[in-house]
Amino acid sequence: MDYSNFFINRTTPEIARDLLGRTLSYNTGSEILSGIIVEAEAYVGSKDRAAHSYGGHRSPANEGLYGPGGTLYIYAQRQYFFFDVATQEKDIGQGVLIRAIHPLSGINTMIKNRHGKSGVLLTNGPAKLMQAFGITSRKWDCHFIGESPFDIDLSSKKKIKHISAVARVGINQSDPIWAKKPLRFIVSGNPYVSDIKKKDIDPDFGFDKN
DNA sequence: TAAATGATTAGCT
DNA sequence: GCTAATCATTTAC
């Protein structure tokens, strides 16, 4: 399966769910930084109040969302960056936000990028994850993932004990219908998922053995 | 040209 | 747990 098929032939929430347990990597030029995706949110286009493409809104800033499935959408806010992958055909404003990863390789470099912070603080938030990768510009915005230093392993993924679908965070509560949609997918028990309760942390990080 | 607005994080209580 | 910081983009005038 190539990127185009993976990001187009299904609904966006289905894609977000399927991304959990897969490996996201970034090639810095001298080393590979990678981690397992443990939290992702779906943004389903013009009907979605929480999406940047709500109401069909389109501007140079969110152009990446309208690219064909597999196009990267790097968004800047509060001097931090978010990492999205556009889904569906070109001109459809849907996408998946990668919110958290479980670090696998290049951890020392990530700690350095995060100014010494380690443990779950390393990547348990969308902006933290980008900082750990050393992303400081929108250079890769609107680029196809296959033509960027980023890579998502589509050929294999870790087995997950349980995937939870929960309400998204930080969205306009004035519209309870969309505010409560379960479009945020997480690996239950993984400590790198944001907002997890200590007692809910699973010793196997939420992954099945082997 | 100016003011409002967050797909948030960090730091303090 | 709660509040402030901080800035690109958007929206209003």
Side-chain angles (χ1 to χ4, degrees), chain A residues 7 11-13 15-17 19-20 24 35 37-67 71-88 92-101 103 110-142 150 164-187 191-201:
Chain A
F7 290 107
T11 65
T12 301
I15 293 165
R17 188 187 177 93
L19 280 171
L20 298 185
L24 171 69
I37 298 170
V38 294
E39 181 174 1
E41 275 182 24
Y43 286 87
V44 293
S46 59
K47 302 190 306 291
D48 188 349
R49 280 283 292 246
H52 286 167
S53 52
Y54 173 64
H57 195 72
R58 184 169 181 168
S59 76
N62 67 6
E63 186 64 28
L65 264 184
Y66 289 88
T71 300
L72 301 181
Y73 172 41
I74 311 280
Y75 177 77
Q77 187 171 8
R78 284 182 172 76
Q79 99 182 79
Y80 300 120
F81 291 89
F82 297 78
F83 181 85
D84 296 41
V85 184
T87 60
Q88 311 308 330
I92 306 251
Q94 300 199 13
V96 174
L97 167 69
I98 307 299
R99 289 184 55 89
I101 64 171
M110 290 195 241
I111 291 175
K112 199 166 66 182
N113 287 339
R114 292 277 294 134
H115 308 108
K117 292 188 167 45
S118 60
V120 297
L121 292 175
L122 199 57
T123 53
N124 68 338
K128 298 177 183 181
L129 141 66
M130 293 312 280
Q131 202 175 70
F133 274 7
I135 308 303
T136 55
S137 77
R138 296 180 62 185
K139 181 177 178 182
W140 299 109
D141 188 31
C142 293
F150 295 97
S164 296
V166 297
R168 290 173 294 181
V169 293
I171 68 179
N172 192 342
Q173 297 294 319
S174 67
D175 191 338
I177 295 176
W178 280 100
K180 292 179 179 173
K181 286 271 184 191
L183 294 176
R184 173 183 173 208
F185 298 92
I186 64 175
V187 175
Y192 290 94
V193 172
S194 56
D195 289 341
I196 192 165
K197 298 179 186 69
K198 277 181 193 152
K199 71 178 177 59
D200 290 338
I201 293 179

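Here is the naming used below: chain letters follow the sequence lines, and residue numbers restart at 1 for every chain. What you see is a predicted model, and the numbers here were worked out from it, not measured in a lab.
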Self-check item: Protein-nucleotide distance (Y73(A), atom OH; dA7(B), atom C1'), rounded to Å
Solution: 9 Å
Quiz item: Going from OH on Y80(A) to CE on M130(A), what distance comes out if it is rounded to the nearest 0.5 angstrom?
Solution: 14.0 Å
Quiz item: Side-chain N or O of K117(A) less than 4.0 angstrom from OP1 or OP2 on dA10(B)?
Solution: no
Practice problem: Taking heavy atoms of chain A and a 4.0 Å limit, find me the 5'-most and 3'-most nucleotide of DNA chain C within that range. | Solution: dA5(C) to dT11(C)
Exercise. Measure the spacing between CD1 of I74(A) and CZ of R138(A) and express it to the nearest 0.5 Å.
Key: 8.5 Å
Quiz item: Base, sugar-phosphate, or nothing for H57(A), non-hydrogen atoms under 4.0 angstrom?
Solution: sugar-phosphate
Practice problem: Can you tell me the distance, in whole Å, between the CZ atom of F82(A) and the P atom of dT9(B)? | Solution: 6 Å
Quiz prompt | Distance in angstrom units between Y80(A) OH and dA10(B) C1', rounded | solution = 7 Å
Quiz prompt | Ring centres under 6.0 angstrom apart (F83(A), F150(A)) | solution = yes
Self-check item: Which nucleotides of DNA chain C pair, in dot-bracket form (Watson-Crick or G-U under 3.5 Å, | meaning another strand)
Solution: |||||.||||||.
Quiz item: Has R184(A) got a side-chain N or O lying under 4.0 Å from the OP1 or OP2 atom of dA7(B)?
Solution: no
Quiz item: Hey, is Y43(A) stacking on dA7(B)? Ring centres under 5.5 Å, planes under 30°.
Solution: yes
Quiz item: According to a strict under-4.0 Å criterion, is R114(A) in side-chain N/O contact with OP1 or OP2 of dT9(B)?
Solution: no
